[in-house]
2 protein chains.
Amino acid sequence: MLSKKCKYAIHALIYLAERYQQGPVHIQEIADRQHIPKKFLEAILLELRNAQVLHSKKGKGGGYYLYKKPEDVNLMEIIRLMDGAIAMLPCVSLNYYEPCEECKDEKTCGIRDSFVGVRDETLRILSESTLAKIVHREKILGES
Amino acid sequence: MLSKKCKYAIHALIYLAERYQQGPVHIQEIADRQHIPKKFLEAILLELRNAQVLHSKKGKGGGYYLYKKPEDVNLMEIIRLMDGAIAMLPCVSLNYYEPCEECKDEKTCGIRDSFVGVRDETLRILSESTLAKIVHREKILGES
DNA sequence: GTATTAGTATATAAATTCTATAGAATTATA
DNA sequence: TATAATTCTATAGAATTTATATACTAATAC
């Protein structure tokens with residue numbers, strides 16, 4: 001399951017994607033509209049800024065705004081930043097690889113293949129899911 | 001990521017699948033061979049017994065043994081028993097459904113579709129991965 | 001220079017995961 | 001029937017992660 005942190009991040013980013021190139025948005029506004037504790041949201045947005053997904057502007061009229069294009073930010077990236085590995089086992093993770101303690105020998109491990117398959121399908125779908133597509137989808141669903 | 005509990009369960013079940021229909025196996029033996037804390041393993045095996053995956057025999061000469069056929073136990077089932085939902089969001093879980101707090105309206109939610117896709121692919125692969133196939137795969141990999 | 005806003009550091013609450021302790025109940029067998 | 005072997009039960013607590021709150025600092029616009 002995704003952590004709350006990750007879900008908050010996704011919703012905040014969608015909110016900002018809907019306002020792409022319309023200037024900075026206050027943390028407080030995002031917090032209010034998406035029902036996210038403000039201080040928790042600050043930490044989340046900060047991480048996203050450090051990852052160059054967002055930029056921020058301090059002082060009056062300041063706030064956060066999407067730096068990357070909405071079509072260049074996808075769920076795979078967001079989840080990795082917030083929750084870390086997407087794979088179900090450390091030994092099949094591309095970005096957070098670690099050998100399994102329980103596992104004597106990776107080459108003769110009978111379960112690895114299954115989890116490699118799950119990982120690949122998961123990454124394929126999540127990387128195709130960009131903020132642009134999500135915003136577009138919500139617009140269409142909202143109209144019908 | 002799978003919990004340790006779940007990984008322990010998978011390895012214990014593989015161990016028992018390799019000894020299917022060869023009589024009860026001691027907890028201690030499984031614990032030693034798979035490097036699992038004995039008391040933790042006890043709790044795990046108990047759950048699997050309550051779920052009718054294993055049966056047990058008490059007293060001298062007792063132990064645990066696989067009750068279901070190895071071809072009828074798959075990773076999907078084991079993970080659900082140990083860790084609960086497999087889906088990444090509660091609102092797309094088949095067995096552990098809950099509405100998302102963050103979500104105002106499921107019908108106009110732009111991310112649901114992606115996670116439904118991930119869930120379906122994951123379940124497909126995991127449900128195809130039976131203990132029988134895993135044991136068979138390890139045998140082949142071990143020989144080559 | 002004052003109000004507004006993000007940024008930083010730290011504390012703490014809450015929940016989950018993992019492991020350990022102690023002993024009761026059951027069974028085989030000598 | 002006594003003994004040893006084993007599962008079963010209950011509970012406690014350590015360790016880790018997740019989530020939230022408090023208080024203050026730094027930058028910016030006007």
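Below, chains carry the letters A, B, ... as their sequence lines are ordered, and counting in each starts from 1.
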Rounded to whole Å, the CE-P distance (Met1(B) to dT16(D)) equals 17 Å
Phe40(A) side-chain proximity, nearest of dA21(D), dA19(D), dA20(C) | dA19(D)
Please indicate whether Tyr67(B) has more than 12 foreign heavy atoms, meaning atoms of other residues, nucleotides or ligands, lying under 6.0 Å from its OH.
-> no
Roughly how many Å is it from CG in Leu54(B) to C1' in dT7(D), rounded to a whole number?
-> 13 Å
OP1, OP2 of dT19(C) versus side-chain N and O of Tyr8(B): anything below 4.0 Å?
-> yes
Evaluate the side-chain contact (heavy atoms from CB on, under 4.5 Å) criterion for residues Ile10(A) and Met82(A): first the C-alpha distance (whole Å), next the side-chain angles of each, then the deciding distance (0.1 Å), finally the verdict.
-> CA-CA 10 Å; Ile10(A) 292 171; Met82(A) 294 296 119; over 6 Å; no
Nearest-Å distance for atom pair NZ/C1', residues Lys4(A) and dT20(D) | 10 Å
In whole angstroms, how far is the P atom of dC18(C) from the CD atom of Glu47(B)?
-> 12 Å
Distance, rounded to the nearest Å, where Asp83(B) contributes CG and dT16(C) contributes C1' = 11 Å
Whole-Å distance separating the CG atom of Leu2(A) from the C1' atom of dT18(D) = 14 Å
Evaluate the side-chain contact (heavy atoms from CB on, under 4.5 Å) criterion for residues Tyr20(A) and Lys69(A): first the C-alpha distance (whole Å), next the side-chain angles of each, then the deciding distance (0.1 Å), finally the verdict.
-> CA-CA 8 Å; Tyr20(A) 183 54; Lys69(A) 294 184 205 158; 3.5 Å; yes
Starting at CG of Leu45(A) and ending at C1' of dT20(D), how long is that distance when rounded to a whole Å?
-> 15 Å
Measure from NZ or CZ of Arg119(B) to the centre of the six-membered ring of Phe115(B) and say whether it is under 6.0 Å with the direction within 45° of the ring axis.
-> no
Any salt bridge between Arg124(B) and Glu121(B), counting N to O under 4.0 Å?
-> yes
Go through the steps for Val53(A) and Glu77(A) under the test side-chain contact (heavy atoms from CB on, under 4.5 Å), then give the verdict.
-> CA-CA 10 Å; Val53(A) 176; Glu77(A) 182 182 5; 3.8 Å; yes
With respect to the side chain of Lys5(B), which nucleotide from dT6(D), dT8(C), dC18(C) is positioned closest?
-> dC18(C)
Taking NZ, NE, NH1 and NH2 as the nitrogens, is one of them in Lys5(A) or Glu47(A) under 4.0 Å from a carboxylate oxygen of the other?
-> yes
Under 4.0 Å protein heavy-atom contact, by nucleotide of nucleotides 21-30 of chain C - B base, S sugar-phosphate only | BBB--BBS--
Asn50(A) CG - dA6(C) P separation (whole Å) = 15 Å
So what does Ile27(B) hit on the nucleic acid, given a heavy-atom distance under 4.0 Å: a base, only sugar-phosphate, or nothing?
-> sugar-phosphate
